[in-house]
There are 2 protein chains.
Amino acid sequence: MRKEQSTNYANEQFLSQVCERNSAISMISGRWKAQIVYYIYEGSNRFNLLQKKLPKISETVLARQLKELEKHAILVKAEVPGTVPTGIKYILTNKGLDLVPILESLCDWGKIYAEGKEIFAGTEAENA
Amino acid sequence: MRKEQSTNYANEQFLSQVCERNSAISMISGRWKAQIVYYIYEGSNRFNLLQKKLPKISETVLARQLKELEKHAILVKAEVPGTVPTGIKYILTNKGLDLVPILESLCDWGKIYAEGKEIFAGTEAENA
DNA sequence: GCAATAACTAACAAAATTGTTAGTCGACAA
DNA sequence: TTGTCGACTAACAATTTTGTTAGTTATTGC
């Protein structure tokens, strides 16, 4: 998948070293990831529940996104006891849970400006 | 650039309508964007200052990222008075400034887990 | 006149992400 | 026994993002 000799890859590494901010963003910036985290947080913690919430996503893509979230330890898989065949649910780790309020502030940030909050250039006193 | 008939585009639109969170993430998820916002915030507000901070970025790519940030009203361009030919500086808007603390919390989030904070599955009491 | 600097753009190529098609496996239901 | 469900995977194609190469414009310094 990743070409470890590419400039693209090297630049990603470089940015991660400049600040964790950049790796954090790359962890949550897949097409469906933030929304998946949020739905799991709200209780849609099974594969098929997520599919119902996201009717446009294909199974393949959902599985892939979940796997990447698992790779970054934002969630883990757990067996649902007493189901045959064994069902699987997704549980946010503490790392994933800590992300939720940050996603909420991003949400608010997007919302207030989308709803028409005035935008202007920073301090006018800035004549450097 | 964008194919407005693609599934990919439709899915992006769909997610934006589910929650502003998703459009917010797409605004900041370009390779260099968060870091550029941060450097401008810290005072590296000229094209060439940003190039010095990010030696690996090419001019073309930097110009492209700045243009996208401008499109999302996170920053604006301003002429630097008294320079010939007219210099240009980048100023964060209030929208861009509001983003900074969110980027800081993402940074902290990334950092504490990268530094070894223990990760475990959410509440064990969750037997749903 | 020749090179250099600041701040770009266009066209193209490389790489990465996203989406599609098809198939798996075990258990139950009709 | 054919079909369905839940939870996937592999291979491939479409789309998007990122990076590269080669310009541009105006002006000052040599």
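Per chain, numbering begins at 1; letters A, B, ... match sequence-line order.
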Regarding A/Lys33, tell me which of base, sugar-phosphate or nothing describes its non-hydrogen contacts under 4.0 Å with the strands shown.
nothing

Quick one, B/Ile91 and B/Leu75 - any side-chain contact, counting heavy atoms below 4.5 Å?
no

Does A/Arg31 get its side chain close enough to the base of C/dG19, under 3.5 Å, for a donor-acceptor pair?
no

Look at B/Arg64 and D/dT18 and indicate whether a side-chain polar atom (N or O) is within less than 4.0 Å of OP1 or OP2.
no

Candidate nucleotides C/dC8, D/dG19, D/dA7, ranked by approach to the side chain of B/Tyr90 - the nearest:
C/dC8

Cation-aromatic face contact B/Arg21/A/Tyr38, 6.0 Å, 45 degrees
yes

Mapping A/Thr7 and A/Lys56 to their closest nucleotides on DNA chain C, which lands nearer the 5' end?
A/Thr7

Presence of A/Lys67 side-chain N/O under 4.0 Å of D/dT9 phosphate oxygens OP1/OP2:
yes

Spacing between A/Leu54 atom CG and C/dT18 atom C1', to the nearest angstrom
15 Å

Distance, rounded to the nearest Å, where A/Ile88 contributes CD1 and C/dC25 contributes P
16 Å

C/dA7 phosphate, OP1 or OP2, under 4.0 Å from B/Asn48 side-chain N/O:
yes

Quick one: is D/dT17 close enough that its OP1 or OP2 comes under 4.0 Å of any side-chain N or O from B/Trp32?
no

Are any of the side-chain nitrogens in B/Glu79 or B/Lys89 under 4.0 Å away from the carboxylate oxygens of its partner?
no

Roughly, in whole Å, what's the span from CD in B/Glu4 to P in D/dT15?
13 Å

Beyond-backbone contact of A/Glu59 with A/Phe47, side-chain heavy atoms, under 4.5 angstrom:
yes

Would you check if B/Glu4 and B/Gln13 make a side-chain contact, meaning some heavy-atom pair closer than 4.5 Å?
no

Whole angstroms only, please: what is the CD-P distance between A/Gln13 and C/dA15?
16 Å

At less than 4.0 Å, is any side-chain N or O atom of A/Arg2 found next to OP1 or OP2 of C/dT17? Yes or no.
yes

Counting heavy atoms from C-beta on, name the nucleotide in D/dT9, C/dA6, C/dC8 closest to the side chain of A/Ala63.
D/dT9

Taking side chain as C-beta onward, heavy atoms only, is B/Arg46 less than 4.5 Å from B/Val80?
yes

Let me know the distance between CD of B/Glu68 and P of D/dT16, rounded to the nearest Å.
13 Å

Would you say the side chain of B/Thr60 and the base of D/dT21 hold a donor-acceptor pair, judged only by whether the two atoms sit under 3.5 Å apart?
yes

Would you indicate what B/Ser58 reaches in the nucleic acid, counting non-hydrogen atoms under 4.0 angstrom: base, sugar-phosphate, or nothing?
base

Of the listed C/dA16, D/dC8, C/dT20, the closest approach to the A/Ser6 side chain comes from C/dA16

Tell me whether the OP1 or OP2 atom of D/dG19 has a side-chain N or O from A/Asn11 closer than 4.0 Å.
yes

Taking the minimum atom-to-atom distance to the side chain of A/Lys3, which one of C/dG19, C/dA15, C/dT18 wins?
C/dA15

Does A/Lys77 put a side-chain nitrogen or oxygen below 4.0 Å from OP1 or OP2 of D/dC8?
yes

Here the distance between atom P of D/dC5 and atom CG of A/Leu50, to the nearest Å, is 18 Å

In whole Å, what is the span from the CG atom of B/Asn8 to the P atom of D/dA14?
14 Å

Please report, rounded to the nearest Å, how far the P atom of D/dT17 is from the CD atom of A/Glu12.
15 Å

Using a cut-off of 4.0 Å on non-hydrogen atoms, how would the nucleic acid contact of A/Gln5 be classed: base, sugar-phosphate, or nothing?
nothing

